[in-house]
Amino acid sequence: MTFLGFGLGLSVHKGASFLWTAGFLIILALVLVLMARWQVWPLAEPLGQILGGSRPQAIEDLPGAWFALERENDDLKERAAREDRLLPGIMARLEEGVLLFGPAGALEQFNPAAQRHLGLGAPLAKGMRQGEVFRDQEGADAIQKAFRGISCEWRIVRVGRTLRVRAIPFAPLGPVSGVLLTLDDVTSQEALETTRQKFISNVSHELKTPVTAIRIAAENLQEEPLPDSARASAQSIMRSVDRLTLLLGDLSELSRIESGALHLAPVTLDLGAFLETLLRDFQPRAAACDVGLVVKVEAPEEAMIQADPLRLHQVLENLLSNALKFSPARAQVELSVRVTSQGQIWEVCDQGPGIPEAEQGRIFERFYRAQAAKAKPGTGLGLAIVKHLCRLMGGEVAVESRPGEGATFRVILPPQVEAQESPQEDPRSGR
């Protein structure tokens with residue numbers, strides 16, 4: 001447009017006067033300034049965001065903005081390089097072994113501890129398949145479960161060491177794109193646990209004889225004509241002996257479960273007959289506590305279940321005993337069972353004081369007793385026995401509770417429990 005106006009002006013004026021030329025140069029300068037600002041403006045906003053708000057206003061500001069952008073880029077490169085150096089350094093110093101299998105099942109990352117723990121004849125290398133790293137079938141099955149989104153844990157023995165292996169689905173962007181495995185050397189912990197189990201087993205066994213002798217002596221004392229104070233002392237001895245006998249029984253039972261000495265003997269049970277036997281045992285206890293006992297069943301008529309009757313009875317006996325013990329007079333305890341193709345769900349609901357959320361994660365530990373339970377008699381081992389028995393049967397136990405609203409213990413068992421090779425050894429000895 002400027003050059004068109006310049007040509008028209010020359011044709012009209014038959015030449016260029018001084019005033020006309022000066023005006024033309026001024027207009028040309030204004031046009032160049034406007035064009036420069038128009039070219040800078042699209043870059044000003046993004047550069048201002050990068051430079052922290054100081055955006056360039058003219059062409060002469062662009063070199064400074066460009067240098068600032070280069071500095072920012074160098075800082076980002078240095079930070080990325082530092083992070084790239086940091087991750088291998090952390091991996092190299094970890095005592096736990098770490099391996100990462102990619103979506104195709106090939107080894108993508110590992111650290112020196114993994115090589116040391118596994119003790120393979122050949123060194124680990126990227127691209128190795130799962131079967132080359134874990135040659136046992138249990139490991140292969142666990143990794144496949146992790147690829148399906150299920151975390152798994154198992155133990156292996158390598159070069160005389162016991163390793164705990166955890167397989168965790170690796171899904172940083174949503175869907176599972178690999179499996180992360182961690183290896184922990186638990187040889188020392190296993191040895192300590194074995195020593196603890198042997199100690200508890202030996203102590204509980206050795207104490208049974210003197211406790212029995214004390215019981216016999218106290219019973220003989222009660223048969224003698226004693227003054228009231230001496231008779232009260234004999235009765236106190238008997239109560240203490242009963243508590244000690246209960247504790248020793250629970251200790252012995254828990255030790256057998258944890259050591260693997262206890263085996264299941266699952267059979268096909270008539271659900272109705274099993275519940276009838278259970279109720280026959282507990283109705284007198286409920287009446288003595290002035291607590292109602294209600295049973296709800298959601299199952300097909302004449303339903304049959306697969307379970308070890310002795311151990312299932314033991315689990316429900318522990319839960320119902322606790323429910324009766326903590327329920328106030330004229331309250332109600334509900335036992336419900338739901339049998340589907342997916343398994344069995346047993347629930348015991350009470351109207352007791354409830355369990356605070358902060359304590360719910362610990363009530364299945366050995367000897368742990370919630371604050372509300374400390375005023376009641378007990379050993380603190382009943383729920384630990386329940387937890388281990390449920391896991392032995394392939395299931396789980398959980399609790400739902402709010403303070404002042406009672407508690408619901410839920411036992412979930414699979415639809416079928418396979419029989420163990422070893423037979424049942426002795427009758428129920430726990431609570």
Side-chain angles (χ1 to χ4, degrees), residues 196-259 261-262 265 276-291 293 308-329 333 348 350 352 366-370 372-386 388-389 424-431:
R196 183 194 65 81
Q197 290 176 0
K198 288 182 178 179
F199 174 77
I200 292 176
S201 178
N202 292 336
V203 167
S204 60
H205 177 74
E206 293 297 331
L207 285 177
K208 286 180 180 179
T209 300
V211 167
T212 303
I214 295 171
R215 175 186 291 276
I216 294 173
E219 289 175 348
N220 290 337
L221 278 176
Q222 287 182 320
E223 294 177 358
E224 298 292 332
L226 298 173
D228 292 342
S229 59
R231 184 167 299 280
S233 297
Q235 292 173 350
S236 177
I237 292 173
M238 284 298 299
R239 287 193 297 270
S240 297
V241 168
D242 289 339
R243 286 196 295 270
L244 189 54
T245 302
L246 183 63
L247 175 62
L248 291 175
D250 284 349
L251 277 173
S252 177
E253 183 77 353
L254 188 58
S255 177
R256 293 177 65 242
I257 297 172
E258 291 180 335
S259 64
L262 187 146
E276 184 179 348
T277 302
L278 187 68
L279 284 176
R280 192 183 309 120
D281 291 343
F282 272 90
Q283 286 291 3
R285 300 193 206 179
C289 297
D290 194 17
V291 174
L293 182 58
D308 183 327
L310 193 58
R311 299 306 163 187
L312 181 57
H313 188 286
Q314 186 176 355
V315 167
L316 297 175
E317 181 182 9
N318 272 290
L319 296 178
L320 286 170
S321 296
N322 285 343
L324 293 175
K325 181 165 58 177
F326 293 107
S327 292
V333 170
V348 176
D350 63 49
R366 309 180 197 95
F367 299 110
Y368 183 83
R369 305 194 71 195
K374 291 183 178 179
K376 302 286 185 178
T379 64
L381 291 173
L383 290 179
I385 292 174
V386 168
H388 285 285
L389 284 177
Q424 185 84 19
E425 294 186 0
D426 61 359
R428 168 172 40 98
S429 58
R431 288 189 303 152

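These values consider heavy atoms only, across backbone and side chains, with no hydrogens, waters or symmetry-generated copies.
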Exercise. Distance from E276 atom CD to D281 atom CG, nearest 0.5 Å?
Worked result: 11.0 Å
Problem set entry | Nearest atoms (heavy-atom pairs only) where E224 meets R231 | O-NH2, 2.8 Å
Seminar exercise, completed: Nearest heavy-atom contact between P328 and G352 is CD-CA, 4.2 Å
Exercise. Has Q235 got more than 12 heavy atoms of other residues, nucleotides or ligands less than 6.0 Å from its CD?
Worked result: yes
Problem set entry | Rounded distance (nearest 0.5 Å) linking atom CG of L248 with atom OG of S255 | 12.0 Å
Seminar exercise, completed: Tightest non-hydrogen contact, residues L251 and F367, listed as CD2-CZ, 3.6 Å
Exercise. Taking atom OG1 of T245 and atom NZ of K208, what is their separation to the nearest 0.5 Å?
Worked result: 9.5 Å
Exercise. Do you know which two heavy atoms are closest between G382 and N318, and how far apart they sit?
Worked result: CA-OD1, 3.6 Å
Exercise. What's the shortest heavy-atom distance between D350 and S327, and which atoms?
Worked result: CB-OG, 3.4 Å
Exercise. Considering only heavy atoms from C-beta outward, does the side chain of T212 approach that of V241 to under 4.5 Å?
Worked result: no
Exercise. Do L244 and I214 come close enough that some side-chain heavy atom pair is under 4.5 Å?
Worked result: no
Exercise. So do the side chains of V348 and N322 get within less than 4.5 Å of each other, counting heavy atoms only?
Worked result: no
Exercise. With side chains defined as the heavy atoms from C-beta onward, is the minimum distance between I385 and Q314 less than 4.5 Å?
Worked result: yes
Exercise. Side chains of R311 and L262: does their closest heavy-atom pair fall under 4.5 Å?
Worked result: yes
Exercise. At their closest point, which heavy atom of D308 faces which heavy atom of A265, and how far apart are they?
Worked result: OD2-N, 2.8 Å
Problem set entry | Value rounded to 0.5 Å, distance of CG in L312 from CG in L389 | 10.0 Å
For this session: Starting at CG of N202, measure out to CG of L207 and round the result to the nearest 0.5 Å.
Result: 10.5 Å
For this session: State, yes or no, whether a side-chain contact exists between F282 and L316 at a heavy-atom distance under 4.5 Å.
Result: no
For this session: Return yes when atom CG of N220 has more than 12 non-hydrogen atoms of other residues, nucleotides or ligands closer than 6.0 Å, and no otherwise.
Result: yes
Exercise. Would you call R285 and E317 a side-chain contact if the rule is heavy atoms closer than 4.5 Å?
Worked result: yes
Exercise. When rounded to the nearest 0.5 angstrom, what is the spacing between CG in L293 and CG in L320?
Worked result: 6.5 Å
